[in-house]
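Here the structure comes first, spelled out in structure tokens, and everything after it is commentary.
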Amino acid sequence: MDDITSAAAEPDRLRLLRVLGPSHVWALGVGIVLVGEYMGWNFSVGKGGMIAGLMACWVAGLLYTCVAMIDSEVTSTVAAAGGQYAQAKHIVGPLMAFNVGLFLVMAYTMLEAANAITVGFLLDTVAGMQGQAGLNQQPFIVLAVMFLAWLNYRGVLATLTFNLVITAVAFLAIVALFVSVQFGASAVPLDFSAITTDPLPYGWVGIVASLHFGLWYYLGIEGTCQAAEEVRSPARSLPYGTMAGIMTLLVAATMTWYICSGLMPWEYLGQAGTPLFDAARVTGSTGLMILLFVGTAFATLASANGCINDASRAWFSMSRDRYLPSWFGAVHPVYRTPYRAIVFLVPIALIFALGAPLDQVVTFSILSGLLGYTFMTFNMVMFRNKWPLGKIKRGYVHPFHPLPTIVLLILCSTAYFAVFLGYGTQLSAMMCFYIIASLWFHFRRYKFVRRGDQFTMPWPKPQGY
């Protein structure tokens, strides 16, 4: 353990720039997630009805509040690129770190693909409204991914400043729709009669099944951790940005369910491709339709933009620590971005965006995220046991430990069952994929990992060692 505090880097190695503040962290977290209010969440209504969709919204909100609290403590202390991957390598060990890093990369890459699919679907819908049915969506999918990859390639400050602006516009569009409908701007009045006439069309099992897509409201808020090495003050920016982000999303998610459930029958809402835009169309207001078209487009672009940022940071960090070929761990000499990791992940996102249905891509992202959240429960317990309060300086200490950890583990277990009810085959296939990847790491890459070098935190020896 003598080398446990040794630095991993050569003195002349290029570093990522520390240029971000709390607002950028908020924009990264909310920007990735806000698209969940514009599409995907509504499949939970299709699984169990309106009440089940609302319960999934709030239960998933509790799950992600626990995620945000735990992440804020650990990442404000382990301030390194890679987020949960960096946490795992410092607290648990290499095999767990490799798997967590892979969970992150796949969750964000699949979310990026889902966003690109939504861009194409939105443009096709609008073209159909103008009498131009049958728009070829593929060029727009490719263009969106390539443009955002280029933006990420050129620098993180411009990338997340762009995210800050378009995320704010997308959030304000939801607020504007909510206020407008409340004050009578809709030609169709809000109707919640289905709550009393048919509250649970599929019974209580529908509530459990709906949790699967209820996670989509918030999936990706943990991505704020990926900016840990690029914020000016991790101890301040990460907790503030993350907690402000989850509060923003809880408000936006509740407003979204309320508007959409009141304006559209749950049978249609449960399979809609762009529910908020459809809700604006139902109001009959041209101004609201244009605003929600812009909001949907901005939300998908902000999410894909943040996903490219986060996935590339996780891939870059794993490569820098030799968990993957070190060629991917290069930093651009001018833009100071992990440019090889950015470029490498683009074709993977495009393959899924161009060749897989939206619900399958969403499920792949959700499952990868769930595996990462399950890790966080064990990680938090080990972190507090190895370095109790007072032993190392923490930027933030989350309250009520270990209650958030216990709640998170219970809700993750329930969510696995919810996914199994509708996508059992995909769940099994994904578990096989991650097992094979773990075996590859153990037999092919583990020998290249230098455990002493990758431990970069200036901490004392763990408790009991």
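Along the sequence shown, residues carry numbers from 1.
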Provide the closest heavy-atom pair for [X] versus [Y] in the form atom of the first, atom of the second, distance.
X	Y	value
L211	A60	CD1-N, 4.1 Å
T109	V105	OG1-O, 2.6 Å
K47	Y202	O-CD1, 3.1 Å
L301	L148	O-CD1, 3.5 Å
A302	N163	O-ND2, 3.1 Å
Y446	P94	CE1-CB, 3.6 Å

So, [X] and [Y]: side-chain donor and acceptor under 3.5 Å apart, yes or no?
X	Y	value
Y240	Y396	no
S72	H398	no
T374	Y416	yes

Between [X] (side chain) and [Y] (backbone), is there a donor-acceptor pair under 3.5 Å?
X	Y	answer
Y218	C57	yes
S312	N309	yes
S368	F364	yes
N379	F375	no
T377	Y373	no
R340	W327	yes
H24	G21	yes
S326	R322	no

4.5 Å side-chain heavy-atom contact, [X] and [Y]:
X	Y	answer
T77	K393	no
I308	L345	no
Q87	D71	yes
L104	W315	no
L408	L63	yes
N115	V119	no
V74	I91	yes
L219	S365	yes

Quiz item: Which class fits the ring pair F441 and Y323: parallel under 30°, tilted 30 to 60°, perpendicular over 60°?
Solution: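 Ring orientation, 0 to 90° scale: parallel.
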Practice problem: Determine, step by step, whether W459 and K391 satisfy the side-chain contact (heavy atoms from CB on, under 4.5 Å) criterion, reporting the C-alpha distance in whole Å, the side-chain angles of both residues, the deciding distance to 0.1 Å, and the verdict. | Solution: CA-CA 9 Å; W459 296 345; K391 193 171 181 66; over 6 Å; no
If I take atom [atom1] from residue [X] and atom [atom2] from residue [Y], how far apart are they, to the nearest 0.5 angstrom?
X	Y	atom1	atom2	result
I406	M380	CD1	CE	12.5 Å
F293	L276	CZ	CG	14.5 Å
T118	L358	OG1	CG	5.0 Å
L403	C66	CG	SG	7.0 Å

Practice problem: Decide side-chain contact (heavy atoms from CB on, under 4.5 Å) for W216 and F43; before the verdict, give the C-alpha distance in whole Å, the side-chain angles of both, and the deciding distance to 0.1 Å. | Solution: CA-CA 9 Å; W216 198 246; F43 296 148; over 6 Å; no
Taking only residues two or more places apart in sequence or in another chain, which ones pass ring pair (Phe, Tyr, Trp, His ring centres under 6.0 Å) with [X]?
X	result
F103	Y434
Y108	none
Y339	Y153, H332

When the side chains of residues 31-41 are checked against the rest of the protein, which donor-acceptor pairs come out under 3.5 Å, sequence neighbours left out?
{"unit_1": "Y38", "atom_1": "OH", "unit_2": "A170", "atom_2": "O", "d": "2.6"}
{"unit_1": "W41", "atom_1": "NE1", "unit_2": "E37", "atom_2": "O", "d": "3.0"}

Practice problem: Start with the C-alpha distance between N99 and L371, add both sets of side-chain angles, then the distance that settles side-chain contact (heavy atoms from CB on, under 4.5 Å), and finish with yes or no. | Solution: CA-CA 9 Å; N99 278 281; L371 289 167; over 6 Å; no
Practice problem: Determine, stepwise, if the pair T300 / L122 fulfils side-chain contact (heavy atoms from CB on, under 4.5 Å). | Solution: CA-CA 10 Å; T300 53; L122 176 66; 5.7 Å; no
Practice problem: Just grab all the side-chain hydrogen bond (donor to acceptor under 3.5 Å, both in side chains) pairs involving residues 137-151, residues at least two apart or on different chains. | Solution: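 Applying side-chain hydrogen bond (donor to acceptor under 3.5 Å, both in side chains) to every pair that reaches into residues 137-151, excluding sequence neighbours, yields D124-Q137.
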Considering only distance and modelled atom types, tabulate donor-acceptor pairs under 3.5 Å from the side chains of residues 243-252, sequence neighbours left out.
{"unit_1": "T248", "atom_1": "OG1", "unit_2": "W26", "atom_2": "NE1", "d": "3.1"}
{"unit_1": "T248", "atom_1": "OG1", "unit_2": "A244", "atom_2": "O", "d": "2.8"}

